[in-house]
Amino acid sequence: MELKRKPADDTRIKVGKKSGSVMTLPLIIWLVCFVLVPLLLIGWYGITVENPDGSMSVSFENFKRFADPIYLNPLLRSAKIATITTVVCIALGYPVAYILARSTAKWTNIVMMLILMPMWINFMLRIYSWASLLEGNGIINSLLVSLGFEKQQFMYTEGVVVLGTIYNFLPFMIMPIQNVLLKLDNSLLEAAADLGASPVRRFFKITLPYSVPGIISGVAMVFVPSVTTFVISQRLGGNKVPLIGNIIESQFGMAGDWNFGSTVSLIVMAIVLAFMFAINKTDRAEVNGRGLTL
Amino acid sequence: MGEHIIELVNIFKQFNDAHADRPVLNNINLYINRNEFLTLLGPSGCGKTTTLRIVGGFETPTRGDVFYLGKRINDVPSYKRNINTVFQRYALFPNMTVEQNIAFGPTIKKWDKSDISKQVQQMLELVNLVGYGKRTIDTLSGGQQQRVAVARALINKPDVLLLDEPLGALDLKLRKEMQYELKRIQVESGITFLYVTHDQEEALTMSDTIAVMNEGVIQQIGTPEAIYNEPTNAFVADFIGESNIMRAVMIKDYLVRFLGCEFPCIDAGFGNGREVDIVLRPEDIELTEPREGRPVGEIASSLFKGVHYEMRVVCGDELILSHSTRYFEPGTKVSIDVLPENIQVMEISTSSDTIIGAKRAQLQNLYRENAGGDD
C-alpha cells in the first residue's frame, strides 16, 4: 500500500518575500498610478454629486438617475450585441480554430497569417474602412449602382454594429481555442477510439470538453470588449444605436458630467466583474469535473 | 495449432513523409493464436509499434491484409474492433477520475449502469487499485496510472489486448513487478496479448512467442528459448543477450572451424566449405588450461560480476567474452572450448558484416581502455 499523499499546498515552495518586493516595485508603482488611483477616483466621482458652488457631496442620486430607459436601453442593447457577437464568434471561430489546430496542412499557416494581419493595423483605421465600404456613397454601394441595383442603407443599424464587433473580436475567440486544441494530445483521441467512441462521440467526449477553457477565455476576450465598446457603435451606428459605452463617453465628453459618467462606469464594471466571476466558476467546474457529458 | 485470432499477411507500410525512401514495414507475415502472449521485440524504429498500430486500426497498411478470426479488417475503424490498447504513455483522460476512466468504454457501449459499476470494482481488484476509484489521474504514481490503463482496456473484454511499451516509463524495480503482474493478468483473464518492447529481458520473461524485428522485417519468430538458444541470424543473436558472433567455415556436416580450430557441432546441411556465422553465448564458453587442438588465448581483463567473472580473451584477432565462475588472472594463457550443442551456426545475413564489425570494434575499444587502465 502507498502512503496517502499530502495536499499539494504543503510542498509548494514559498518565494522569499523581501527579494520579491524589490523586483515587483516598478510594477506596483505602475499599478497604483494607472489602475488603483483612477479606479478610486471613478469610485469617488461615482458616489458623489457636484453642488452648484463646485463642492462635492456624497450622494447616490446618480444611481437613481441611471434607472431610466434612456440609459437602461443602451445597457440592454450592449448586452444583446455582446451576446450575439460572442455566440457568432464561437460559431465561426471554433471550426476555424479546430481546423488550424488539428490540420497538418501547410496552408494553415497562411490562414493564421490572414487572421492575424488585420490586427497589425490600428483598430480605428479598420472601423473607418468598414464605414467607407458600407456608407451611402461607399464602395459597395458604388458597385451596386454600377451593376444597376439600387443603393442600400447599410449603416446606422444594430446589424452593422454587430458586424463591426464580430469583425474586430473574432481573432480573440480563435486564438485561445486554437491554443488549447494544439495541446490536446492525439493519443487521448486514439484511446477514445480504441474504447469504442465514434468520431462524433470523440468530439463531444474529448475534444469539446478540452476546448472549454479556450472557449471561456475567448468569451471573456470577446464579450467584455463588445459590451463596453463605443468606437464601433459611434462610427458604424451613428447615434442610432447608442451603447452603454457611448453613454459613458458622452458624459465625460460632451455633457461634462464626470460624476454621472463615473456612476455608469461603476455599474458596467460591476456587471463585467460579475460576468467574469461567473465564467471563471464554470471554467474551474469544467476542468475539475468530468467535462461536458452527452 | 491454435486458432489464428489475428493474422497479418504481406504487410507493407510506407509513410508519406521525409523517410519515404524506406518502408517502415517490409512484408510482415505474422499470426497470433488465441490466448497467446506474443511480443514484438526490436530496437527503436524497427516497425514494431507500427505493426501494433495496424492491428489496433490506428494505421492502415500501404499493402497487405489484416485478418481478425479469418475476416479481413483493413477497413474496419479502430472503434469498431474488439481490440483494446494500453498506450505507451497510458493516454488516460486527465479530467476524469480513475473510475470514470475505466468506465469510459462500457459507458460508450451503453452497458447497464449497475453492471458498469460492478465491473469497474472487479477491474480495480484485478489491478490492485481498490479504494482508488475516486482519485484523479494526476494524484497517481506512474505504476498506478499504468494499472488504470490496463484496467480501462481490459474491462471491455477485448479478444486481443495491445500493449505498446507499457512499462517503458517505470523504474527498474516497478518494471519487474509489473512484468509478473501483467503475466498474471494475462493468464487469469485468458486474453490474447500483443506486446511491444525493446527490452529483450522483458520479452524473454513474459512471452509465449517472440517476434524479433529489425528495419521493418521480422527476423525470427519463436519461443523465448528458441530465440535465445537458436538465433537464426547475427542480428537476433546480438540483440538478445550478450554474445560472441564470428565468421566460421562449415568443414562438413557436424564440424565447424573457427578461431583456427575445428569444433564438433550439431548443425548440418549448410554445405561443405561454406562460410557461416556462429554465435557463442558468454556463459557457454569454457576456459581451461592451454590444451592441444583448442584455440589458445590470453586473458585481457577479468571483472567480478557477482554470480560470475566477466573475462575477455584475446584470441588471434578476436576478443572473446566469457562468463565463468572460474577465475583467471589477466595475462594467463587459456584454452577456449565449447560444447557442440552450444555452437549456434547461422546463415550469413545482410546485416552480419556490420554487426560483427561493430562488435569487434566495441570489444577492441573496451580492451584498449582496460589495457590503458592497467599501465
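Residue numbers begin at 1 in each chain, while the letters A, B, ... track the order of the sequences. If you're wondering where the values come from, they're calculated on a predicted model, not measured in any experiment.
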Would you please go through residues 175-190 of chain A and name the residues with a non-hydrogen atom below 4.5 Å from one of chain B, in numerical order?
Ser187(A), Leu188(A), Glu190(A)
Between Ile108(B), Leu162(B), Asn82(B), the one whose heavy-atom pairs under 4.5 Å with chain A are most numerous:
Ile108(B)
Is it the case that more than 12 heavy atoms not belonging to Tyr180(B) sit under 6.0 Å from its OH atom?
no
Contact part of Arg53(B) toward chain A, heavy-atom cut-off under 4.5 Å: side chain, backbone, both or neither?
side chain
Please check if atom NZ in Lys176(B) has more than 12 non-hydrogen atoms from other residues, nucleotides or ligands closer than 6.0 Å.
no
Under 4.5 Å from a heavy atom of chain A, the part of Lys80(B) involved
neither
Relative to chain A, which segment of Ile83(B) carries a heavy atom at a distance below 4.5 Å: side chain, backbone, both, or neither?
backbone
Do Asp194(A) and Phe104(B) come close enough that some side-chain heavy atom pair is under 4.5 Å?
no
Ala91(B) and Ala191(A): which non-hydrogen atoms are nearest, and at how many Å?
O-CB, 3.8 Å
Check the surroundings of atom NZ in Lys157(B): do more than 12 heavy atoms from other residues, nucleotides or ligands lie under 6.0 Å from it?
yes
Residue from Arg152(B), Arg81(B), Arg89(B), Lys109(B) scoring the most non-hydrogen pairs under 4.5 Å with chain A is Arg152(B)
From Leu195(A) atom CG to Ile102(B) atom CD1, the distance as rounded to the nearest 0.5 Å
11.0 Å
Top residue by heavy-atom pair count (under 4.5 Å) with chain A, among Val86(B), Thr97(B), Asn128(B), Asn84(B)?
Asn84(B)
Step-by-step side-chain contact (heavy atoms from CB on, under 4.5 Å) determination, Tyr79(B) to Arg201(A)
CA-CA 11 Å; Tyr79(B) 69 93; Arg201(A) 307 204 69 176; over 6 Å; no
Using a 4.5 Å heavy-atom cutoff, which residues in residues 83-117 of chain A come close to chain B?
none
Is it the side chain or the backbone of Leu92(B) that comes within 4.5 Å of chain A heavy atoms, both, or neither?
backbone
So with a 6.0 Å cut-off around CZ of Arg184(B), is the heavy-atom count from everything else above 12?
yes
Does any heavy atom of chain A fall under 4.5 Å from the side chain of Asn156(B), the backbone, both, or neither of them?
side chain
Straight-line distance of Lys205(A) NZ to Phe93(B) CZ, nearest 0.5 Å:
9.5 Å
